[in-house]
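In listed order, ligands and their atoms are each counted from 1.
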Amino acid sequence: MGYEIYVRSFADSDGDGIGDLAGITSRLDYLSWLGVDALWLTPFYPSPGHDHGYDVSDYRAVAPHHGSLQDFDTLVSAAHQRGLRVIVDIVPNHTSIKHRWFASARRDPDGPERHRYLWADPGPGGRPPNNWRSHFGGPAWTLDEQSGQYWCHLFLPEQPDLNWRNPVVREDFESILHFWIDRGVDGFRVDVAHGLFKDTELRDNPQIAPLADGMHPFEVFDAFEHRYDMYQTETTDIYRRWNHICAPRQVMLLGEVDAPWPDRMSHYVAPGVLDQGFLLWAARAGWSPEALLKMVRVMHEGLPQGVSWVLSNHDRPRPASRFGGGEVGAQRALAVTTLFMAVGGTPFLYQGEELGLTDGTLRHGTYDPVPVETAGAIHGRDGCRTPMPWDTSPHNGFSTSDPWIDSEPRPPQQTVAGQRADPDAPIHRYRSLLALRRKHPDMWRAPLEWIETSDPLVAALRRGSIALVANLSDHRTHVSLGSPGWQPVFANRQGSRLDSATSEAISVPAETTVVLTRGS
Ligand code: NOJ
Ligand code: MG
């Protein structure tokens, strides 16, 4: 089981209000106690912070507010001592506008450095070269007054896209991989893994839905088929090369692959390419059990081990908030996470998910630089980025001074310390679930057989000595497991009445996922 650490908001060791690497090291005992196997750290590299670290200005260093390379080495060795693997984020689609590569590319339009990035002459009437859009609003092109050419950026203008057809770019990133592998990392999470290459002719993307005034930038982005700005076949050649570097050293490649279709995902996630792909679909969805169960089955059939299921990350409102809020939302989130344990590759929790947290409440303003820069057009990334609530000391034990993001303190029952003291709290359910997955590798390794149910809101499966029934409907259901002798060992609800034991059928309450074992 993996665990995403949003470095800015996890633990601040030096009292500057910003989370840092030493803070993470000081909390490793907690993560071991919880039972996770691998940590994914969001970017901690030097960055002007236009997209909070996803605009990297030096891929081989640590931003001073997050610590130093020495802190990184200390973190890796302390994690390894506890058997925890460390996965770092690599951002290859774009750099920061402040990266020295971009400075030299811009300085000399005729020089060789120019071709590290994507430049194009204006279209008719001085317009951008084509109809590509930025994820964050507006065209994916910004005019460089000095040269009269546009640069391409699928995100902010301060995140210029690299030109992956230039072998120098490829060589640089391969050397960056070596740099971090030599420092002991166990894996890379590849940002926008379906990006990188662009169409050589810069053709317009087909528009598939009408545009309207006031549309959210994500909706505008989705109104186009991304035939030419993303998903280019050459991208996987890069990952094949990376795989040659990583596989012999047991270093994992985990892509952020925005492809909720197995045929597309399997270009990227395949033997010799990326090991696994984060499927973002479930981190975006509201409470839609039928669509979710369908997606799980389809993806599992196409890619049995390749999908790393996540219900949340640092980009979307927390699942408990999306699934109805409060206790109801938290129960639903755990019901789904329990299913994720048995249907794919390595699932990940996002920090605080184990507390069943809903989004934090901001006191004033917005902090995500993206809505600031797009005049408030994008909301929704601050609430999931509020500090990890450790205890009831000032700032919930995150920092000794005001955190970088000003939010309401969490009450005791939403903190790690408060939940550890309460045997009925979500943290203990998550911990038991993680322990169960470790104890029963059949849960993710044995051949999976679906048990047919008549209800599209109920999924049931067997994997060797494990059976699982996810009843995401709003009523109790009966499922026949096909053979007797199953014992319930886990349910997302404490004290759920589970009639089963030795019978071959189980009765499962509404919005409950049950795991059963046999013969062990
Ligand atoms: C995905 C990251 O998770 C997100 O935070 C970032 O804004 C984009 N990639 C661009 O790097
Ligand atoms: Mg700090």
Side-chain angles (χ1 to χ4, degrees), residues 4-27 40-45 47-57 59 62-68 71 75 87-97 99 134-137 140 153-162 188-196 217-218 221 229-230 254-258 277-280 283-284 308 310 312-317 348 350-351 367-374 378 380-382 384-385 387-388 395 397-405:
E4 177 191 351
I5 294 186
Y6 187 66
V7 177
R8 268 185 103 73
S9 299
F10 190 65
D12 173 27
S13 70
D14 60 359
D16 66 351
I18 302 176
D20 44 50
L21 300 180
I24 300 171
T25 306
S26 73
R27 297 294 183 177
W40 152 32
L41 311 181
T42 55
F44 46 77
Y45 316 110
S47 158
H50 291 283
D51 188 11
H52 276 166
Y54 282 95
D55 49 324
V56 179
S57 55
Y59 290 88
V62 175
H65 57 244
H66 292 316
S68 62
D71 293 339
L75 166 55
I87 296 172
V88 296
D89 220 307
I90 188 153
V91 187
N93 181 69
H94 46 266
T95 69
S96 156
I97 197 167
H99 198 292
S134 152
H135 287 75
F136 293 150
H153 52 87
L154 291 186
F155 295 87
L156 295 174
E158 292 82 0
Q159 294 169 295
D161 282 24
L162 285 160
F188 294 96
R189 177 265 186 192
V190 184
D191 189 58
V192 204
H194 48 288
L196 278 60
F218 292 174
F221 197 80
D229 58 344
M230 303 196 297
L254 179 57
E256 180 202 33
V257 185
D258 195 4
F278 276 127
L279 188 79
L280 303 178
R284 290 182 180 157
S308 176
V310 284
S312 64
N313 62 25
H314 62 278
D315 290 332
R316 299 286 159 168
F348 274 67
Y350 173 54
Q351 66 188 43
Y367 295 84
D368 181 354
V370 170
V372 172
E373 295 193 359
T374 54
I378 300 175
R381 300 206 302 183
D382 280 333
C384 63
R385 295 178 176 185
M388 179 74 179
H395 312 302
F398 162 71
S399 175
T400 52
S401 67
D402 289 341
W404 66 275
I405 183 167

Self-check item: Opening angle between OD1 in D12 and OD2 in D20, taken at the Mg ion (ligand 2), to 10 degrees
Solution: 90°

Self-check item: Per-residue contact class, R189 against ligand 1 - non-hydrogen pairs under 4.0 Å
Solution: side chain

Quiz item: Is it true that H52 lies under 4.0 Å from ligand 1, counting heavy atoms only?
Solution: no

Quiz item: Quick one: nearest non-hydrogen protein atom to atom 7 (O) of ligand 1, plus distance?
Solution: D51 OD2, 2.5 Å

Practice problem: Classify the contact between H94 and ligand 1 as side chain, backbone, both or neither, using a heavy-atom distance cut-off of under 4.0 Å. | Solution: side chain

Practice problem: Determine, considering heavy atoms only, which of L154, D315, V91 sits nearest to atom 3 (O) of ligand 1. | Solution: D315

Self-check item: Under-4.0 Å heavy-atom contact with ligand 1, by part of H135 that carries it
Solution: neither

Practice problem: Answer yes or no as to whether an N/O/S atom of I18 is found below 2.8 Å from the Mg ion (ligand 2). | Solution: yes

Quiz prompt | Residue pair D89, T42: steps toward the side chain to side chain donor-acceptor pair (under 3.5 Å) verdict | solution = CA-CA 6 Å; D89 220 307; T42 55; 5.7 Å; no

Quiz item: Under 6.0 Å between the ring centres of F136 and H50?
Solution: no

Practice problem: Round to 10° and report the angle made at the Mg ion (ligand 2) by OD1 of D14 and OD1 of D16. | Solution: 80°

Practice problem: For the pair H94 and F155, name the ring-plane relationship: parallel under 30°, tilted 30 to 60°, perpendicular over 60°. | Solution: tilted

Quiz item: Using heavy atoms and a threshold below 4.0 Å, how should the contact between F136 and ligand 1 be classified: side chain, backbone, both, or neither?
Solution: side chain

Exercise. Decide yes or no for R8 and Y367: does some side-chain heavy atom of the first lie under 4.5 Å from some side-chain heavy atom of the second?
Key: no

Self-check item: Pairwise side-chain contact, D20 with D12, heavy-atom cut-off 4.5 Å (strictly under)
Solution: yes

Self-check item: Sub-4.0 Å atoms of ligand 1 with respect to non-hydrogen atoms of F155
Solution: 8 (C), 10 (C)

Quiz item: Any side-chain heavy-atom pair from Y350 and R316 closer than 4.5 angstrom?
Solution: no

Practice problem: Answer yes or no: is there a side-chain heavy-atom contact under 4.5 Å between D402 and H395? | Solution: yes

Quiz item: What residue and heavy atom of the protein are closest to atom 11 (O) of ligand 1, and at what distance?
Solution: D191 OD2, 2.7 Å

Quiz prompt | Result of checking D55, V88, V62 against Y45 for side chain to side chain contact (heavy atoms under 4.5 Å, CB included) | solution = V88

